[in-house]
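This structure is a prediction, so every number in the text was calculated from the model and none was measured. Side chains included, hydrogens not; waters and symmetry mates left out as well; all remaining heavy atoms used. Throughout, a chain's letter reflects where its sequence line sits, starting with A, and its residues are numbered from 1.
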Amino acid sequence: MTQTIVIAEMTTNGVHSSTAELITAAMTFGGEPTLIVPCTDASLADSAVGMGAGSIIAAKSDVFANYDASGWAAAIDSVAPVGTVITSASPQSKDLAARLAAKRNISVVQDAVKIQNNTVTSPVYSGKAMQSVSINGPTVISVRSNIFPAATGGASSASVLDTTGKIETSVQEFMARASQRLDVSEANIIISGGRGMGSPDNFSHLEAIADTIGAAVGASRAAVDTWEPIPHSMQVGQTGKTVNPNLYIAVGISGAIQHLAGMRSSKYIVAINKDADAPIFQHADYGIVATWEEALPVLHDSLKAMMG
Amino acid sequence: MTTIIVLVKQVPDTNAKIAVNNGRVDLSAVKMVMSPYDEFAVETALRHREAVGGEVTALTVGGPAAEKILKDAKAIGVDHIVRIDSAEEMDSNALQTVLTKAVQDLGATVVYCGKSAADTGAGSTGPGLAERLGWASVSNIISATFSDSISAVAPGSGGNVKLSVPLPAVLSCDKGDFKVRKPNVKGIMQAKKASVEVHSIEAPASSVTLVDQSLPPAKPAGKSYQGGAAAAEVAQLLRDEANVL
Ligand SMILES: Cc1cc2nc3c(=O)[nH]c(=O)nc-3n(C[C@H](O)[C@H](O)[C@H](O)COP(=O)(O)OP(=O)(O)OC[C@H]3O[C@@H](n4cnc5c(N)ncnc54)[C@H](O)[C@@H]3O)c2cc1C
């Protein structure tokens, strides 16, 4: 049996709920995972109770105030036992996973979507193929969200370990976000617009629906490149963000392979496009052949009625 | 003198259709190109040189076929091109060990690379290399300004963060809000004549080994509707069938 260690995914208020999925992923190796909660305030680790960890360690350090790859890897390494380490596959956690693996002179496997008998499967070639590798000995594995079910139960309290590491970078400025809206990389529901929206002003229709259902607004590269008001931070795809929400609604997006690369693993995909032959329909669970002008008002009214 | 290394990797053209034969991806009919994010890394490396002086070396690990992307880097202005000869598949530990030795041998003030390679999508190389060198690292930077240290902008938890990064450091580059330069005729001619320095470095055995590659499971055909009025039914199904609302 392999000793497994899970690094909690953090939000500003505590442990992110997706951490319970990481614990399920770790349990595929047998045994009871140790959860490490990187925090400046040990009470934040209380929010990990009920997520299924065998034990919970609040790794307390000022290092964790802001993300610094070097400092975080050192501070986590010194409190984490030897074994296979599971992290989230968020951009920050993939970076940490790589750094931690290098610190221990072991390998890292990123973006796991399946773990079975020491075989780890991840998408490669932007999701155009799946690759399974066999791991031999302690490895660091980052795990995609929304794939493993959440674990429950487990340890009922956290123990606190003080730790530290050398921070290399320093923050010069927190830059204001271009918009106050939810970021696509943080959302469970995303509604994205493409060139078919006709103008950046028409994104207000997507925003209105997003507000109704708590979604983030995304965009295709054509929209980002054509319209200045649509920032690159909204771009989904090969050269934008890779997202994995429960629901992805693509509006006026043709479904180019580079766009699919960023969103094809979404649990449910809805496509609204006036062209019945648009490639996006081959990937949609629900495809509506219509102009957005026709479909979005109906969709919005129905959603408003449902959400009360 | 500022010595800048930029890591580049050869990958299948991102427009290419991927075929699988006998449990392995078959790339024999696919055009190979420089991984798209590496283009931003090369551009950032050249801008760094233009700001402070020094020299840029493009470095790749691979077989002789990988020299094409080194020539592409040369054509847009890097000074030196180096290939670490390797035929075998390496896990991240083996690859980073080789790169660490290569960077130590060549000497560098800063290393740039793409935020992830378009084939694996992993993004492990930059931070892993930095850790092994004992250097600072920042991943996914979208812009940088250069002096004795580097000031880099990267996404943080609540929006972008501008960080002061001490040198030496490894920076992995996301798509920035700038254009990458294209080669001119003179550059292409120079690249043709340029010779690639080839080194060999022994890699440790890999503990992660390839079992199988396959096409993603085909998604069952979805439901399709004509006309915008169907959006009402789809909204109901999202709640009652898909349970996502
Ligand atoms: C190296 C590389 C990287 C790339 N990275 C990305 C990336 O990260 N993300 C990305 O998205 N793309 C990326 N692309 C670009 C990609 O190839 C496509 O060009 C892009 O995704 C197209 O965007 P689109 O679907 O919005 O536009 P189009 O392909 O122009 O499609 C517009 C769609 O809108 C529909 N439409 C028009 N009017 C209406 C209407 N009134 N109502 C409903 N539908 C309507 C049309 O039928 C059409 O299907 C990349 C390309 C390359 C080469």
Please classify the contact of A:F174 with chain B as side chain, backbone, both or neither, using a heavy-atom distance under 4.5 Å. both
State whether a side-chain donor-acceptor pair under 3.5 Å links B:S92 with A:S107. yes
Which atoms of B:Q226 come close to chain A, meaning under 4.5 Å heavy atom to heavy atom: side chain ones, backbone ones, both, or neither? both
Is there side-chain contact between A:M175 and B:V161, with heavy atoms separated by less than 4.5 Å? no
Which one wins on heavy-atom pair count under 4.5 Å against chain B: A:V124, A:I135, A:V108? A:V108
So OG of B:S224 and CG of A:D285: to nearest 0.5 Å the spacing works out to 12.5 Å
Could you tell me which portion of A:K103 (side chain, backbone, both or neither) has an atom closer than 4.5 angstrom to a non-hydrogen atom of chain B? both
Under a 4.5 Å heavy-atom cut-off, does chain B meet the side chain of A:H283, its backbone, both or neither? backbone
Less than 4.5 Å to any heavy atom of chain B: does that hold for the side chain of A:Y67, its backbone, both, or neither? neither
Would you say B:E131 and A:S70 are linked by a side-chain donor-acceptor pair, where the criterion is simply a distance under 3.5 Å? no
For B:A136 and A:E168, which heavy atoms make the closest approach, and how far apart are they? CB-CB, 3.4 Å
For A:V270, is it the side chain, the backbone, both or neither that has a heavy atom under 4.5 Å from a heavy atom of chain B? side chain
Can you give me every donor-acceptor pair (side chain of residues 18-27 of chain B, partner residue at least two apart or in another chain, under 3.5 Å) with its distance?
{"from": "B:N21", "atom 1": "ND2", "to": "B:D26", "atom 2": "OD2", "distance (Å)": "2.9"}
{"from": "B:R24", "atom 1": "NH1", "to": "B:V211", "atom 2": "O", "distance (Å)": "3.3"}
{"from": "B:D26", "atom 1": "OD1", "to": "B:S28", "atom 2": "N", "distance (Å)": "2.9"}
{"from": "B:D26", "atom 1": "OD1", "to": "B:S28", "atom 2": "OG", "distance (Å)": "2.7"}

Would you call A:T239 and B:Y37 a side-chain contact if the rule is heavy atoms closer than 4.5 Å? yes
Are the side chains of B:P216 and A:R264 in touch, meaning some heavy atoms are under 4.5 Å apart? yes
Residues of residues 240-252 of chain A within contact distance of chain B, non-hydrogen under 4.5 Å: A:G240, A:N246, A:L247
Under 4.5 Å heavy-atom distance to chain B, tell me which part of A:I257 shows up: side chain, backbone, both or neither. side chain
Flag the one option from B:A16, B:G126, B:G228 with the top tally of heavy-atom pairs under 4.5 Å to chain A. B:G228
Check whether B:Q236 gets within reach of chain A through its side chain, its backbone, both or neither, counting any heavy atom under 4.5 Å. both
I'd like to verify something: which residue of B:S151, B:S149, B:P220, B:S214 has the highest number of heavy-atom pairs under 4.5 Å with chain A? B:S214
Which atom of B:A235 lies closest to which atom of A:L299, heavy atoms considered: CB-CD1, 4.1 Å
Chain A contacts, top residue of B:S137, B:P127, B:G222 (heavy-atom pairs, under 4.5 Å): B:P127
From NZ (B:K115) to CG (A:D95), nearest 0.5 Å: 11.5 Å
Would you mind reporting whether A:Q172 and B:L163 have side-chain heavy atoms less than 4.5 Å apart? no
Where on A:V120 is there a heavy atom nearer than 4.5 Å to chain B: the side chain, the backbone, both, or neither? neither
Most contact-rich option vs chain A, by heavy-atom pairs under 4.5 angstrom, among B:V165, B:V234, B:V138, is B:V234
B:A229 versus chain A, the contacting section by heavy-atom distance below 4.5 Å: backbone
Between A:A89, A:G71, A:G287, who has the most heavy-atom pairs with chain B when the cutoff is under 4.5 Å? A:G287
Tell me, side chain or backbone of B:N140 under 4.5 Å from chain A's heavy atoms, or both, or neither? side chain
For the residue pair B:E241 and A:Y268, confirm or rule out a side-chain donor-acceptor distance under 3.5 Å. no
Okay, A:A73 and chain B: the region with an atom under 4.5 Å from a heavy atom over there is side chain
Side-chain H-bond candidate by donor/acceptor type, B:N15 with A:Q258, under 3.5 Å: yes
Of the backbone (N, CA, C, O) and the side chain (C-beta and beyond), which part of B:P12 lies under 4.5 Å from a heavy atom of chain A, both, or neither? side chain
Side chain from CB out, backbone as N, CA, C, O: work out which of these in A:D77 comes under 4.5 Å of a heavy atom of chain B, or both, or neither. neither
With respect to chain B, which residue among A:A215, A:S134, A:G214 yields the maximal number of heavy-atom pairs within a distance under 4.5 Å? A:S134
Closest heavy-atom pair and its distance - B:P217, A:M130: CD-CG, 4.5 Å
Between B:L238 and A:Y286, does the side-chain contact (heavy atoms from CB on, under 4.5 Å) criterion hold? Intermediate values first, please. CA-CA 9 Å; B:L238 287 175; A:Y286 305 101; 3.8 Å; yes
When rounded to the nearest 0.5 angstrom, what is the spacing between CG in B:N93 and CG in A:N105? 6.0 Å
Please round to the nearest 0.5 Å and tell me the distance separating atom CZ of B:R239 and atom CG of A:L303. 10.0 Å
What residue in A:Q282, A:M306, A:H232 has the most heavy-atom pairs under 4.5 Å with chain B? A:M306
Of all heavy-atom pairs between A:A295 and B:A231, which one has the smallest distance, and what is that distance? O-CB, 3.6 Å
Just so I understand: if I count every heavy-atom pair under 4.5 Å between each of B:I142, B:N243, B:T100, B:L245 and chain A, which residue has the most? B:L245
Does any backbone or side-chain atom of A:K267 lie under 4.5 Å from a heavy atom of chain B? Answer side chain, backbone, both or neither. backbone
Interatomic distance, B:K175 atom NZ to A:Q238 atom CD [nearest 0.5 angstrom]: 12.5 Å
Output the option from A:H300, A:R99, A:Q235, A:M307 having the highest count of non-hydrogen pairs under 4.5 Å with chain B. A:R99
For each of B:S164, B:G128, B:A152, tally heavy-atom pairs with chain A at distances under 4.5 Å, and name the one with the top tally. B:S164
Is the count of non-hydrogen atoms from other residues, nucleotides or ligands lying under 6.0 Å from A:E293 atom CD greater than 12? yes
Look up atom NZ in A:K128 and atom NZ in B:K17, then write down how far apart they are to the nearest 0.5 Å. 10.0 Å
Max heavy-atom pair count under 4.5 Å with chain B, selected residue of A:A290, A:S132, A:A98, A:A256: A:S132
